[in-house]
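Presented below is the structure to which this report refers.
Sequence lines set the chain letters: A, B, ... in the order given, protein chains first and strands last, and positions in each chain run from 1. All values below were derived from every heavy atom in this structure, side-chain atoms included, with hydrogens, water molecules and symmetry-related copies excluded.
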Amino acid sequence: MTDVLLEMRGITKRFPGVVALQDVSLEVRPGEIHAICGENGAGKSTLMKVLSGVYPSGSYDGEIRFDGKPVHFAGIRDSESAGIGIIHQELALVPYLSIAENIFLGNERRGRNGLIDWNRTNAEAGELLASVGLHESPVAPVIQLGVGKQQLVEIAKALSKDVRLLILDEPTAALNDVDSAHLLDLLRRLRDRGIACIMISHKLSEITAIADSTTVIRDGRTVETLDMRAGEVTQERIIRGMVGRDLESFYPERNSAPGEEVLRIEDWTVWHPVQHRKVVDGADLNVRAGEVVGIAGLMGAGRTELAMSVFGRSYGRNISGRVYMHGKQVRARTVAEAIDNGIAYATEDRKRYGLNLIADVRTNVSAAGLDKLARGGWVDGNEEIKVAEASRRDLNIKTRTVLDVVGTLSGGNQQKVVLSKWLFTDPDVLILDEPTRGIDVGAKFEIYTIINRLVAQGKAVIVISSELPELLGTCDRIYTLSAGRITGELPVAQATQEDLMALMTMEKELAG
Amino acid sequence: MTRTEPEPAVAESAPAAALHAGTSDPRTLIMRNLRQSGIYIAFVAIVALFTVLTNGVLLSPGNITNIVLQYSYILVLAIGMVILIIAGHIDLSVGSIVALTGAVSAVLVIQNDQPWAVGALAAVAVGIAVGAWHGFWVAYVGMPAFIVTLAGMLLFRGLTLQVLDNVSLSPFPPEYQKVAGGFLNGLLGGQGYDAFTLLIAGIAVAGYTVSVFRTRLARIRYEQPVESFPLFVARVLLVAAVVMYFAWQLAHARGLPIVLIVLAVLVLAYGLMTKSSVFGRQVYAIGGNLSAAMLSGVKVRKVNFWIFVNMGFLAGVAGVIYSSRSNGAQPAAGNMFELDAIAAAFIGGAAVAGGVGTVVGAVVGGLIMAVMSNGMQLMGVEQSTQSIVKGLVLLLAVAFDIYNKRRAGTTR
């Protein structure tokens with residue numbers, strides 16, 4: 001047993017025109033949870049791709065030693081057989097196959113006749129599921145599981161290959177608090193069994209809670225490795241390493257001066273598109289000009305469903321209730337009508353629902369407000385470029401030109417393109433669903449600044465977020481949503497995370 | 001006239017520095033143009049290759065006229081097809097629609113002695129109806145276009161057989177034959193050539209020059225990067241030279257083919273529609289990301305419905321041209337036309353996943369296929385070999401496109 005399981009030394013990886021990693025070093029001891037922090041684009045994912053053999057040995061400079069021996073992975077198969085498992089942010093399970101089939105995909109348990117030994121497959125899958133604490137039948141199809149459970153299946157899959165080092169890329173990004181806590185518990189148990197973990201995460205609270213050491217990467221270089229066991233390492237301390245300076249505050253200051261009511265929703269009820277249940281149940285809420293209103297809720301509480309159903313009935317069926325804009329009841333039965341009435345909704349999943357990734361910045365910015373650029377059905381291409389240029393300047397979108405393809409931008413900049421698109425429609429109320437998901441600390445601050453600028457202009461903003469500190473830091477007022485019902489409404493001055501959490505889980509306890 | 005300059009919008013995604021400098025670095029220039037105008041370069045190379053292989057016959061006046069007449073209907077189909085492909089659909093039935101519309105026209109004109117215009121209009125109307133039928137199932141019922149139009153392919157082939165009662169009808173009266181075989185010539189006289197053709201080409205070149213010059217002025221006014229002035233002049237001169245050479249050759253054969261006028265109008269109209277109209281932009285938005293388009297207020301069903309209606313309309317036009325050219329209607333007319341149209345769109349740079357493609361690209365893709373077929377026929381290459389070559393070209397064209405995109409760094 002060596003005292004260092006993985007040693008990466010002097011890793012330099014170049015792409016045409018850019019140095020993605022410059023002399024990066026990383027040391028992971030056996031049985032430790034090692035967090036890697038850095039802003040988006042700092043090089044975390046590239047480093048993991050070097051480690052797992054996605055970038056084969058020879059395409060980078062530097063040395064990797066695993067278990068004391070130098071290793072040269074030519075592909076992901078090599079790193080797997082050495083005992084390194086990687087779980088990507090986007091889960092890679094086949095939805096219609098069973099849990100057991102997914103676990104042993106590419107690694108099938110065969111009988112003597114060469115065919116799959118189903119008894120052995122399912123029995124071994126059952127043992128693996130027990131070891132990750134997932135109480136599901138191994139023959140259940142993966143599509144029936146929630147994201148949290150699918151994550152556990154991925155881990156079981158890695159364990160089936162006798163991993164000794166497990167890499168998790170943003171493992172809790174899509175999980176609610178309960179599932180996240182469960183996952184972190186599992187990582188602790190794996191650590192106690194001697195399995196080391198590398199965890200990439202933007203959630204600093206998790207890192208301070210679970211990591212044994214933390215390596216901070218900035219601009220493709222190792223900044224420092226912090227020993228989390230020795231003393232108190234605070235989130236602020238990590239952020240200082242990530243951004244190279246102290247952020248005075250996570251959230252920019254704002255003078256709150258709400259005006260007239262802009263949007264009011266009354267008795268809003270939405271049914272699930274296929275199942276026989278209400279997803280939103282009799283919700284009432286309002287938002288005033290110059291006000292930021294938060295919606296807090298656990299995953300599955302109906303936050304996104306509420307927002308999307310209001311936004312031109314983009315979700316659900318049998319929708320009932322009333323929508324008022326500036327005190328007047330409006331029809332918003334299609335997205336186009338909602339936009340005409342001054343409602344905008346920026347999605348939580350920008351890649352799937354927000355952007356045309358293969359088109360350029362210009363086209364994406366104008367996508368929802370094309371009519372404003374058109375005369376008689378013809379688009380004024382020069383005006384369009386002018387509008388896109390203005391957005392680029394105002395929102396500080398980092399791109400060479402507005403004719404660059406959106407898919408090549410970083411997450412934070414993509415989010416700014418989504419915001420630009422909706423700002424161009426000149427809405428009165430802007431619903432932002434998880435506006436800072438998966439973007440780095442610096443870009444988050446910029447997004448908050450943009451929100452502040454909008455309310456200063458008299459717009460009404462609704463922020464939906466899983467991160468309670470974010471809601472407490474940006475909102476004037478917060479509604480809590482639980483199982484489709486609004487369970488509370490708190491002015492932010494009187495709200496604490498504990499209060500909100502209690503309200504967010506209230507209905508569930510009542511229901512039993 | 002088919003304008004073969006690269007789409008300005010695309011040409012600019014090259015490094016900003018080079019653009020703002022008025023594009024002085026020749027290497028950047030060549031690299032950029034190579035990537036963006038691969039299709040045009042391939043077209044020029046193929047034309048050059050077959051000109052050599054046929055000892056110049058390919059570019060002879062008579063043969064150029066022939067190519068235009070022979071492949072016009074595929075180009076018309078390719079225009080409608082590429083729009084469907086951009087939106088993420090496909091139409092496997094266009095060959096059957098060409099047969100059906102031609103058959104309807106033939107029954108009216110040949111069997112019932114109706115005027116040629118009645119036949120042509122009825123054919124187009126039937127095409128529109130068929131397109132609406134497909135559009136209904138795809139847009140409002142939500143079925144995949146592949147299945148809907150596969151069914152349509154069988155359905156409308158069957159209807160063709162019933163309309164024609166399983167026999168071929170011919171010949172059409174001379175006025176009807178003129179649609180595909182007619183020429184505008186002799187209107188202005190000329191010594192051994194048709195001055196009218198040259199005049200029309202000259203007007204087209206002048207119009208083109210004015211249009212690109214105005215675009216350039218507008219871009220400068222909006223502080224957008226433009227190419228350096230000498231390069232701009234060179235580009236205009238090149239286009240003018242190609243068009244005038246083409247017209248010169250036509251003028252020395254039989255004059256200006258009527259189908260060429262139809263085709264030029266269609267390419268211009270649809271090129272403009274896809275690039276600069278709200279409707280056209282919505283087609284790209286749907287193909288690029290359906291959900292995002294929906295959530296941006298695009299009326300997806302309406303757009304999907306109308307692009308199928310449009311495909312039906314163009315298939316009707318192609319049906320008139322084809323029946324006119326073949327001087328009759330046959331039960332097996334238009335067989336496999338859909339594959340030529342689809343191949344043209346993909347060779348012209350359309351993406352299988354949707355969201356990418358241009359009308360001009362599809363037409364050039366169709367011309368590549370046309371020049372290859374024609375060249376090989378002139379050389380007396382066997383039908384079987386022609387088929388093999390065309391298959392390989394389609395494969396390589398798309399492979400080259402994918403390779404290029406991977407190098408450009410886009411993940412899709």
Exercise for review: Please report the C-alpha distance between Val138(B) and Met143(B) in whole Å, then the side-chain angles of each, then the deciding distance to 0.1 Å, and finally whether the side-chain contact (heavy atoms from CB on, under 4.5 Å) criterion is met.
Suggested key: CA-CA 5 Å; Val138(B) 173; Met143(B) 285 175 67; 5.6 Å; no
Point to revise | Derivation of the side-chain contact (heavy atoms from CB on, under 4.5 Å) call for Ile86(A) and Ile76(A) | key: CA-CA 9 Å; Ile86(A) 185 161; Ile76(A) 200 149; 4.0 Å; yes
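Contacts between Thr425(A) and chain B at a heavy-atom distance below 4.5 Å are absent for every atom of the residue. Ile339(A) touches chain B through its side chain: at least one heavy atom from C-beta onward sits under 4.5 Å away, while N, CA, C and O do not. The part of Lys351(A) that comes within reach of chain B is its backbone (N, CA, C, O), which places non-hydrogen atoms under 4.5 angstrom from that chain. Both the backbone and the side chain of Leu272(B) come within contact range of chain A, with heavy atoms under 4.5 Å apart.
A distance of 6.0 Å or more separates the ring centres of His89(B) and Phe146(B).
Using cut-offs of 30° and 60° for the angle between ring planes, the Trp422(A) and Phe311(A) rings count as perpendicular.
Ion pair Glu389(A)/Lys386(A) not flagged as a salt bridge, since none of the NZ, NE, NH1 or NH2 atoms sits closer than 4.0 Å to an Asp/Glu carboxylate oxygen.
Of the listed residues (Ser291(B), Gly280(B), Ser296(B)), the greatest number of heavy-atom pairs within a distance under 4.5 Å of chain A belongs to Ser296(B).
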